[in-house]
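Working notes, structure below.
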Amino acid sequence: MSDIAIIGGDSMIGAALFARLSGDGRSVVATTRQPGRQDGSIFLDLGGDMAPWPALPEGGTWVLCAAMARLADCRNDEETSRRINADAVGVLADQAARAGAHLLFLSTDKVFDGMRAHREADDTPCPRSVYGQQKTDAENILRATDSLSFGVFRLTKVLAENDRLLGEWCTKLVGGEEINPFIDMVMAPVPLATAVDALVWGIDCRVRGVVQVSGPRDVRYSDVAHHIAVRDDYNLSLIKPVSAIEVGIPSVEIPPNTTLDTQRLNMDAGIHIPDAWDVIDASIPISARSL
């Protein structure tokens, strides 16, 4: 039996965490919502019938990476997204408590309204978006589950080395097409590898309470596009910023701040998130510069 279960091995963070742990020779299994996979993954669909419950490590660590995370998807289908992001968390928490497993839950900066920068871990959640409310409800469900050992990791925007959106921008700029980054939307980017580092630390320490994983400052999407264009000598006139509100995104999904206080991550884990521009630079493959 494996010692670690990643629930949501199909997700970006879940897949990266599984690769890190298995590459280090750790005993780990992942769940998938794709039936019939032949790679040893365990089928578990948080949005469907969760009975019978699959065999997951008793007394080990379960890391819940699965979620319906796109804000628009949660807004447009509140019933399905709530079933995945909140209701299923209650079922999973009960199962983890019965199995004596330690549960690590991935949450979000969206549990706050974004009116203040660097929100502290013990600040009272004040979500505005549907997604933020569902994650807040899930955190509360965990706190209310008897005999459950758990930790919460709140993350800001996580960027992989080959980020899809930034790669699409580069492809368009190379082809002489304009791009329309949001001028009123911000991110505090975290490298995927650093997010994984934080979770590995959380697994090894069986972390309890809230740990916040955030970039040190917010940058506007339009400024990110400008930074990339200047760095790689793309035509700046092709960047045509637009307002997220003007294209129909509700104001509650456009917080002016997304940063979280990371003192615990810094002091206890010794992990520090790089500056936003360093994260952005590492998220564009070198090949994108010569497309």
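On a predicted model such as this, the values are computed, not experimentally measured, just so you know.
- Using a distance-only test at 3.5 Å, with no hydrogens or angles considered, a donor-acceptor pair links the side chain of N257 to the main chain of G114.
- Counting heavy atoms from C-beta outward, V186 and V219 have side chains that stay 4.5 Å or more apart.
- Between R154 and A121 the shortest heavy-atom distance is NH1-O, 3.2 Å.
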Could you walk me through whether H102 and S149 satisfy the side chain to side chain donor-acceptor pair (under 3.5 Å) test, starting with their C-alpha distance in whole Å, then the side-chain angles of each, then the deciding distance to 0.1 Å, before giving a yes or no? CA-CA 5 Å; H102 183 70; S149 171; 2.4 Å; yes

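- M12 meets the side chain to side chain contact (heavy atoms under 4.5 Å, CB included) test with V158, A160, L192; sequence neighbours excluded.
- M68 is not listed as a side-chain neighbour of Y131, based on a closest heavy-atom distance of 4.5 Å or more.
- In this structure, N76 contributes its side chain and D73 its backbone to no donor-acceptor pair below 3.5 Å.
- Under the 4.5 Å side-chain criterion, counting only non-hydrogen atoms from C-beta, I273 is not in contact with N266.
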Apply side chain to side chain donor-acceptor pair (under 3.5 Å) to the pair T32 and D10, showing each step before the final yes or no. CA-CA 6 Å; T32 178; D10 302 318; 2.9 Å; yes

Check the pair Q134 / S81 against side chain to side chain donor-acceptor pair (under 3.5 Å), numbers first and verdict last. CA-CA 8 Å; Q134 291 169 350; S81 59; 2.9 Å; yes

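- There is no path of hydrophobic side-chain contacts, each under 4.5 Å, that joins I84 to V130.
- Ion pair R116/D123 flagged as a salt bridge, since at least one NZ, NE, NH1 or NH2 atom sits closer than 4.0 Å to an Asp/Glu carboxylate oxygen.
- Judged purely by atom type and a 3.5 angstrom limit, S283 has no side-chain atom pairing as donor or acceptor with the backbone of D163.
- Heavy atoms only, all atoms of each residue included: R220 and I183 are closest at CD-O, 3.1 Å.
- The backbone N or O of G167 lies less than 3.5 Å from no partner atom in the side chain of K172, so there is not a single donor-acceptor pair.
- Proximity of a side-chain donor or acceptor of D184 to a complementary backbone N or O of A244 within less than 3.5 Å is detected.
- Considering only heavy atoms from C-beta on, W53 comes within 4.5 Å of L92 through its side chain.
- Listed for the D261 side chain is no donor-acceptor partner under 3.5 Å among the backbone atoms of H118.
- Here D87 does not pair with R83 in a salt bridge; the nearest charged N to carboxylate O distance is not below 4.0 Å.
- Note: the hydrophobic cluster containing V29 does not contain F43 (ILVMFWY, side chain heavy atoms under 4.5 Å, direct or indirect links).
- Looking at heavy atoms from C-beta onward, M187 lies in side-chain contact with L159 at the 4.5 angstrom threshold.
- The local environment of CD in E178 is crowded, with over 12 non-hydrogen atoms from other residues, nucleotides or ligands closer than 6.0 Å.
- In this structure a side-chain-to-backbone donor-acceptor pair under 3.5 Å is missing from D24 to R26.
- Across every non-hydrogen atom of D218 and A188, the tightest pair is OD1-N, 3.3 Å.
- Rounding to the nearest 0.5 angstrom, the gap separating the CZ atom in R231 from the CD1 atom in I284 is 6.0 Å.
- Atom CG of residue D197 and atom CD1 of residue I271 lie 5.5 Å apart, to the nearest 0.5 angstrom.
- No side-chain donor-acceptor contact under 3.5 Å links T262 and Q212.
- Remark: the backbone N or O of V210 is paired with a side-chain donor or acceptor of R264 at under 3.5 angstrom.
- Open room surrounds CZ on R70; 12 or fewer heavy atoms of other groups in view lie less than 6.0 Å from it.
- Across all their heavy atoms, I13 and C65 have their closest contact at CG2-SG, 4.4 Å.
- Side-chain atoms of S214 come within 3.5 Å of backbone N or O of L260 as a donor-acceptor pair.
- R33 CZ: 12 or fewer foreign heavy atoms inside a 6.0 Å radius.
- Formation of a donor-acceptor pair under 3.5 Å by the K240 side chain with backbone atoms of S237 is found in this model.
- Look at R164 and E168 and you find a salt bridge, because one of the NZ, NE, NH1 or NH2 atoms lies within 4.0 Å of a carboxylate O, short of that distance.
- Closest of all the heavy-atom pairs between I245 and I254 is CG1-CD1, 3.4 Å.
- Using bins of under 30°, 30° to 60° and over 60° for the plane-to-plane angle, the ring pair W201/F153 lands in the perpendicular bin.
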Checking side chain to side chain donor-acceptor pair (under 3.5 Å) for the pair E253/S129: CA distance, chi angles, key distance, verdict? CA-CA 6 Å; E253 296 179 6; S129 66; 5.9 Å; no

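- A distance of 11.5 Å separates CG in L173 from CG in D233, rounded to the nearest 0.5 Å.
- Heavy-atom contacts from other residues, nucleotides or ligands closer than 6.0 Å to NE2 of H227 number more than 12.
- Contact record, F182 with S243: CD2-C, 4.0 Å, taken as the closest heavy-atom pair.
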Step by step, would you call L21 with V200 a side-chain contact (heavy atoms from CB on, under 4.5 Å)? CA-CA 8 Å; L21 293 170; V200 171; 4.1 Å; yes

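- Taken together through direct or relayed side-chain contacts under 4.5 Å among Ile, Leu, Val, Met, Phe, Trp and Tyr, V190 and L71 form parts of separate hydrophobic clusters.
- Between D113 and R119 there is a salt bridge, with a side-chain nitrogen of the basic residue lying less than 4.0 Å from a carboxylate oxygen of the acidic one.
- Counting heavy atoms from C-beta outward, V174 and D232 have side chains that stay 4.5 Å or more apart.
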